[in-house]
Amino acid sequence: MEGDAELQDLYREVLLDYFRSTRHRGRVASPDIESQGINPLCGDEVVLTVSVRGGVVEDCKIDGHGCVISQSSAAMMSEAVKGQTLEEASKLAEGFKRAMLGQSSFDDLPDVLDEARALEGVQKYPARIKCALLSWNTLLLGVRSHKEGKKEVQYQEK
Amino acid sequence: MLKFDVSKIREDFPILGRKIRGKNLVYFDNASTSQKPKAVLEALQRYYAETNANVHRGIHALSQQATDQCEAVRAQTARFLHASGPEQIVFTRNATEAINLVAYAWGRKFLKAGDEILLTGMEHHSNIVPWQILAQEKGSQLKFAPILEDGCLDLEGLKTLLTPRTKLFAFTAMNNAFGTINPVAELLGLAREQGVLTLVDAAQWTPHLRTDVAAWDCDFLVFSAHKMLGPTGLGVLYGKKKLLESMDPFLGGGDMIREVHLSHSTYNEIPYKFEAGTPHIGGIVAFGAALEYLSRLGWEAIDRHERGLTRYAMDALSQEKELRIYGPSQPERRGGILSFNLEGVHAHDVGTILDTEGVAVRAGHHCCQPLMRRFKTSGTVRASFYFYNTVDEVDVMLRAIRKVKEFFKVKVP
Ligand SMILES: Cc1ncc(COP(=O)(O)O)c(C=O)c1O
């Protein structure tokens, strides 16, 4: 069944696992970065809290609500950036964005983004690409603001 | 009167034969925009092939023919609304622009600080934002009639908000997110008793139900052609003659003037006073074909078919566990719109899965964020029907909904 294959390609099992998993959910106790991202189009929301020690992401948690794509993408991101320097985390986010927007190949993503490759199927649903990018854009803004000495920021998907 | 044969009717709509991702298209996003029958497409094509010229300005034959065609559709629109004359019909870009026209041309001239405009909690953003802008500029207040748990207007609450300060009551005849049909005549009566002007947002009403502005006795009414078989880029403002005459122009430019001097201008008579620049001539001509198509089908037949479909879909959907339908439970209080959510599954995920089955629905806030907030949801899945939809298509959607449930099985955090 053609539709089913497509469906399975979009909502790959690993996405559903991340979506259901609770290990990334919540807020870190005293965050150095607190970045809230919303997609006004669908009301999806991710609240990213990050603790930073010596320029390295110590912990990163995800709060909020939304569709499978936005929430699983956020969970994967939180896992990928843990232990990375803020610089590296931003680079990962930029790399993921480029792949998602079709400007580079998913195959060229670094190994820490292995799981995030499962979001490749979203490309066939252009209306959903923003869902996949919401948390990454929220992270990028959070890191940028952190550098400027701001702790809390809000990102809105256009 | 045509015999109502859906399969025959569907042949008039080329797009309904399309495949989407290998599946037959099931178009259930009619509240966003309707599909167009061949008659409308051909009218558009014929206009550009045979009579294309600018209107109200050429001395030549083509211009006269184009002008005549436009004015014929204006008269046809007046008859369709049961308006007393074509001068009450102003062509705009869409319903949104028609509302903005009233907010500027009437509101700027007549509204004062301390005045109130009454809206409802179920308005489309188009019938909120223009009034917010106006109210800010004028120092006036907006009030919102409350919405009951079943998605209907709270009439008692509404009555307390109609006061001597209320200058205009603008409300939707049929809500686009849940499909709630408002008691339009009753609402207009309440406003009239208080001497309050009225604007009916009929964007969701005119495609489905007979409209009679004379019986309603509303002051303004707006709708969009594209939701009722017509082309995009064309809307209509109906207004009472005296009111339209008393208003200042909206946009300035060609066609809306009588004489232009370097220091000032005098304005054309209604409706031209409100139609600056070259209008959507081809669209107007094609809209004539849309009106003709609808009148050949007949409102009773359209209503009967859509009601049957809605009832069938309501019955079927209410059997589904973990599915919440929003809006009135009595079928007679709603039009052919079903708004729902599956417990634990985001509306967008439902929408995407339905899309893989060829079922086009809208998922999200439907430009009704205040209503969504009232019902504590960020969005819903909305299936909206038109007369060319079938029970078989509803079954396709039902199967797709079951698939969503199966696919996501568990309830999620
Ligand atoms: C109730 C209602 N009012 C106004 C509008 C605005 O129509 P348009 O976008 O054609 O201006 C819509 C369209 O969705 C609607 O459903």
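In what follows, every chain begins at residue 1, and chains take the letters A, B, ... in the order their sequences are listed. Note that this is a predicted model, so its numbers are computed, not measured.
Within residues 77-98 of chain A, no residue has any heavy atom under 4.5 Å from a heavy atom of chain B.
There is a side-chain donor-acceptor pair under 3.5 Å between A:Y11 and B:D349.
Residues passing the salt bridge (Lys or Arg N to Asp or Glu O under 4.0 Å) test with B:D201: none are found, sequence neighbours excluded. Not a single ring pair (Phe, Tyr, Trp, His ring centres under 6.0 Å) links A:H65 to another residue, sequence neighbours left out.
Nearest heavy atom pair, residue B:H348 against residue A:R128, reads O-NH1, 3.1 Å. Between B:F407 and A:R20, the shortest heavy-atom distance links the atoms O-NH2, 4.0 Å.
The 12-atom threshold is exceeded at CZ of B:R324, counting heavy atoms of other residues, nucleotides or ligands nearer than 6.0 Å.
Applying the salt bridge (Lys or Arg N to Asp or Glu O under 4.0 Å) definition to pairs two or more places apart or across chains, those involving residues 36-54 of chain A are A:R53-A:E58.
Contacts between A:L10 and chain B at a heavy-atom distance below 4.5 Å involve the side chain alone, from C-beta outward.
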Q. Does the side chain to side chain contact (heavy atoms under 4.5 Å, CB included) test come out yes or no for A:V68 and B:V345, once each step is laid out?
A. CA-CA 8 Å; A:V68 169; B:V345 189; over 6 Å; no
